[in-house]
There are 2 protein chains.
Amino acid sequence: MHKRKTLQDVALAAGVSKMTASRALRGDKDVSQRSIMRVQKAAREIGYVGNHLASSLAGKATDLIGVVLPNLENIVFSHVLNGITETLYGTGLQPVCGITEYDPEREYEVVRNMLSWRPTGLIVTGLEFPADTAKLLREAHIPVVQIMDTDGDPIGGCVGFSHHQVGFDMAQALVQSGRKRIGYIGCGLGQDNRAQKRFDGFLAGLQQADVRLVAQRQDPGFSSIETGRHLTRALWQDHPDLDCIYYSNDDLAAGGYHHFNDLQIAIPDQVGLVGCNGLDFISGVPGRIGTTRTPRHEIGEAAVRMILQAVASGAPLAPIKQELRPEIDLGLIATQPPATPDP
Amino acid sequence: MHKRKTLQDVALAAGVSKMTASRALRGDKDVSQRSIMRVQKAAREIGYVGNHLASSLAGKATDLIGVVLPNLENIVFSHVLNGITETLYGTGLQPVCGITEYDPEREYEVVRNMLSWRPTGLIVTGLEFPADTAKLLREAHIPVVQIMDTDGDPIGGCVGFSHHQVGFDMAQALVQSGRKRIGYIGCGLGQDNRAQKRFDGFLAGLQQADVRLVAQRQDPGFSSIETGRHLTRALWQDHPDLDCIYYSNDDLAAGGYHHFNDLQIAIPDQVGLVGCNGLDFISGVPGRIGTTRTPRHEIGEAAVRMILQAVASGAPLAPIKQELRPEIDLGLIATQPPATPDP
DNA sequence: CATGGTGTCAAAACCGGTATCGGTACCAGT
DNA sequence: ACTGGTACCGATACCGGTTTTGACACCATG
């Protein structure tokens, strides 16, 4: 077994005590310039790499920010994580990421595991948690920020947007632009309650406008372009009179886009497609697919800022909601009425 | 300041010693069933959450696997990370992820920071490292696995594929399928030397087939569908006689696809598009865009297995390469000769 | 010259666990 | 009754840093 270099070794090599070496490396005061030089030189020469375990244990505070996300295949969360990472860069803090796969049990384990590293702050996804997980978060005594969703009561800080509102607004916008025969295609509703909230809001929006949802297709699995294509085919076969389809996200909408493209059905003239998230794909076909541009990167940023502020002030994070308004982009749907307008 | 519950508190509440409590919670032997029950009950009641810092420091081994990736916006690396996470799940080990943004200096910091957590193993991206970073890796005395690339000499384990070969094979395949007037579009060549390797291999493959690259367009930034569209427009304006474009990745190819779609130029009849990675988008337009399907999830899996094996055997990881062959899929290009064949 | 402040450093206590080792208590064998 | 083995438990010494405390040298001041 190899014996790693320790601070003691550095001190020995530099001819000072452990303490002085520690202070010198951390840039503490009360160390002579001469000692600093010698310690740094010694550390470099013997290839010393500090031990975060020891320093964090002794210092009672780590430089970790726990981030709990449901999934990383979904690029939405990658973007959030990126926002977090970028904002954290340079602050001396570091993100540690845990994945739950939308599994509450796994989520509990991940949160617990995070907390056992005594992080400085914690960012978790969503507002709803099982009782035991919520207990952990409440009693963590560190700043906790819940992200992505604002439809509910946060435990600590909260940054995101209302998915219900997003669905509602989109329904209203579609009806206003003249679409009346609207279908819905969604994925993973059982696991992802935010998609469910959007759908609920969408239905509420339609109802308020006195428009009925013509039909829907749902799939329990993860969303993908492929799935979007299949569901669209199925829905269209039964309801070729639709003038608009609302998808629970952009991946599915992209699948629909390809399907209608193959059929040479004009988008959005004959049928309008609307997704959610404003992914790269959407800007690849400018104006063709409507979407709600969600501020993913910004959510990551805001969450970090909330934590930084709480850490700086030393006060625990009170339940505060920060609402970031997503932006609806109907693209060409906004300007082009459906090809076969309602009588 | 709030005082966190410690093992001592649990022990006190359970009426046993700290040691017994420790053993009971970890499922060590030499503890009576009665003590186990009482300790577990006490721990639950006072809401005890272990301290990984302390246990790792005392136990001389963490349950961490460091993962160093250049970027997470790029879904390729998300997939790798997912493969790692999934394979690690249930082993008791946990991934910690660091992002370098292709910046060597930042990479050094990230690796150093990782090592300071004394992880059980380390997974890093790529084969080439600056001298100081390489030194860190060599002297880490833990299993190090380098992923994504096999064109070079690894420090420890190595899982990936040859990007040179991928480019080379694609060139050969395209020429064999009858494409002769070939252009190239790429991104971020300065930072991402794997894209550069593919390009080099591609050129070598063309040369061997006695075909000259007609033209190329490159952009220093990150790849995106938008960028692919712009570069394609630019390239096509100057060279409307191309019968094939090779893109450094699928995002760019998707941009090209949209561009030609708008122009109503037949794909792949008039111009064939080929990317790299086999992303979801490609299967969304089946057969229309060629690609090289890279085993991203598998790379993550294999890297973890290498580390697990090294940990189990206790031996340091010798420089071993594991080559995973990507799979070329030309789609319709394979069966449809270009519309205006070479005379 | 005594006094006190300042800059520099080292010894010791401590952070919250685990490894080690040496005890008890209890039972079976003789 | 004595021995030996086994199951269980706890005191103690760490792990590798940081914080605290205090000592010492040096200088300026009254």
Side-chain angles (χ1 to χ4, degrees), chain A residues 1-39 42-43 46-64 92 112-113 115-120 141, chain B residues 1-39 42-43 46-64 92 112-113 115-120 141:
Chain A
M1 191 53 193
H2 177 256
K3 181 78 178 146
R4 289 213 65 115
K5 299 293 181 206
T6 130
L7 193 57
Q8 185 64 267
D9 301 328
V10 177
L12 223 58
V16 299
S17 79
K18 219 172 80 169
M19 298 335 322
T20 306
S22 168
R23 281 196 273 257
L25 288 179
R26 275 175 306 139
D28 241 17
K29 56 192 179 79
D30 279 3
V31 188
S32 64
Q33 201 58 35
R34 184 166 139 281
S35 293
I36 291 180
M37 295 303 248
R38 289 172 60 173
V39 169
I46 70 176
Y48 172 72
V49 177
N51 187 332
H52 254 116
L53 297 170
S55 68
S56 298
L57 179 61
K60 318 177 192 311
T62 63
D63 52 6
L64 297 176
R112 199 186 162 82
N113 194 52
L115 289 178
S116 74
W117 287 105
R118 299 292 184 268
T120 295
H141 297 281
Chain B
M1 193 55 193
H2 177 255
K3 180 80 179 144
R4 288 211 67 113
K5 298 294 182 200
T6 123
L7 191 58
Q8 186 64 265
D9 301 329
V10 177
L12 222 58
V16 299
S17 78
K18 218 172 81 168
M19 214 42 249
T20 304
S22 169
R23 282 196 272 255
L25 289 178
R26 278 175 303 143
D28 241 16
K29 56 194 176 76
D30 279 2
V31 189
S32 67
Q33 201 58 36
R34 183 168 140 280
S35 293
I36 292 180
M37 296 304 245
R38 290 172 61 174
V39 169
I46 71 176
Y48 173 71
V49 177
N51 187 332
H52 254 116
L53 297 170
S55 71
S56 297
L57 179 60
K60 316 179 196 309
T62 63
D63 52 7
L64 297 176
R112 200 186 161 82
N113 194 51
L115 289 179
S116 76
W117 287 104
R118 301 291 183 266
T120 296
H141 297 282

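Small disclaimer: the values here were computed from a predicted structure and weren't measured. All chains are named by letter (A, B, ...) in the order of the sequence lines, taking the proteins before the strands, and each is independently numbered beginning at 1.
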Notebook entry, point to check: Taking atom C1' of C:dT8 as reference, at what distance in whole Å does atom CZ of A:Arg34 sit?
Noted result: 11 Å
Margin query: Without decimals, in angstroms, what is the distance between A:Asn51 CG and D:dT18 C1'?
Written below: 12 Å
Check: With distance as the sole criterion, do the side chain of B:Lys18 and the base of C:dG17 form a donor-acceptor contact below 3.5 Å?
Finding: yes
Item checked: Of A:Val16 and B:Ser55, the one whose closest DNA chain C nucleotide lies more 5' -> A:Val16
Checklist line | Spacing of B:Lys29 atom NZ relative to C:dT20 atom C1', expressed in whole Å | finding: 13 Å
Notebook entry, point to check: Whole-Å distance between C:dT24 P and B:Asp30 CG?
Noted result: 17 Å
Check: Side chain of A:Ser56, backbone of A:His52: donor and acceptor closer than 3.5 Å?
Finding: yes
Notebook entry, point to check: Does the side chain of A:Tyr48 get closer than 4.0 angstrom to OP1 or OP2 of D:dG17 through an N or O atom?
Noted result: yes
Item checked: Residue B:Ala54, side-chain heavy atoms: nucleotide from C:dG16, C:dC15, D:dC9 that is nearest -> C:dG16
Note to self: It should be established whether A:Thr6 places a side-chain nitrogen or oxygen under 4.0 Å from OP1 or OP2 of nucleotide D:dG17.
What the structure shows: yes
Next item on the list: Kindly compute the distance separating CZ (A:Arg38) from CZ (A:Arg34), expressed to the nearest 0.5 Å.
Entry: 4.5 Å
Item checked: Between C:dC9 (P) and A:Met19 (CE): distance, integer Å -> 12 Å
Check: To the nearest angstrom, how far is A:Gln8 atom CD from D:dC14 atom C1'?
Finding: 14 Å
Check: What's the NE2-C1' distance between B:His52 and C:dT18, to the nearest Å?
Finding: 13 Å
Next item on the list: Report the residue (B:Leu57 or B:Thr20) whose heavy-atom-nearest nucleotide on DNA chain D is the more 5′ of the two.
Entry: B:Thr20
Next item on the list: Can you label the angle between the A:Trp117 ring and the B:Trp117 ring as parallel, tilted or perpendicular, going by 30° and 60°?
Entry: perpendicular
Note to self: Once you apply a heavy-atom cut-off of 4.0 Å, does B:Ser35 come out as touching a base, just sugar-phosphate, or nothing?
What the structure shows: sugar-phosphate
Check: Does B:Arg26 put a side-chain nitrogen or oxygen below 4.0 Å from OP1 or OP2 of C:dA19?
Finding: yes
Check: Roughly, in whole Å, what's the span from CZ in A:Arg23 to C1' in C:dA10?
Finding: 8 Å
Note to self: Taking only side-chain N and O atoms of A:Ser32, does any of them lie within less than 4.0 angstrom of OP1 or OP2 on C:dC9?
What the structure shows: yes
Notebook entry, point to check: Any donor-acceptor pair under 3.5 Å between the side chain of A:Arg118 and the base of C:dG16?
Noted result: no
Note to self: Looking at B:Ser116 and A:Asn51, would you say the former's side chain and the latter's main chain have a donor-acceptor pair under 3.5 Å?
What the structure shows: no
Item checked: Between B:Ser22 and B:Arg26, a side-chain donor and acceptor under 3.5 Å -> yes
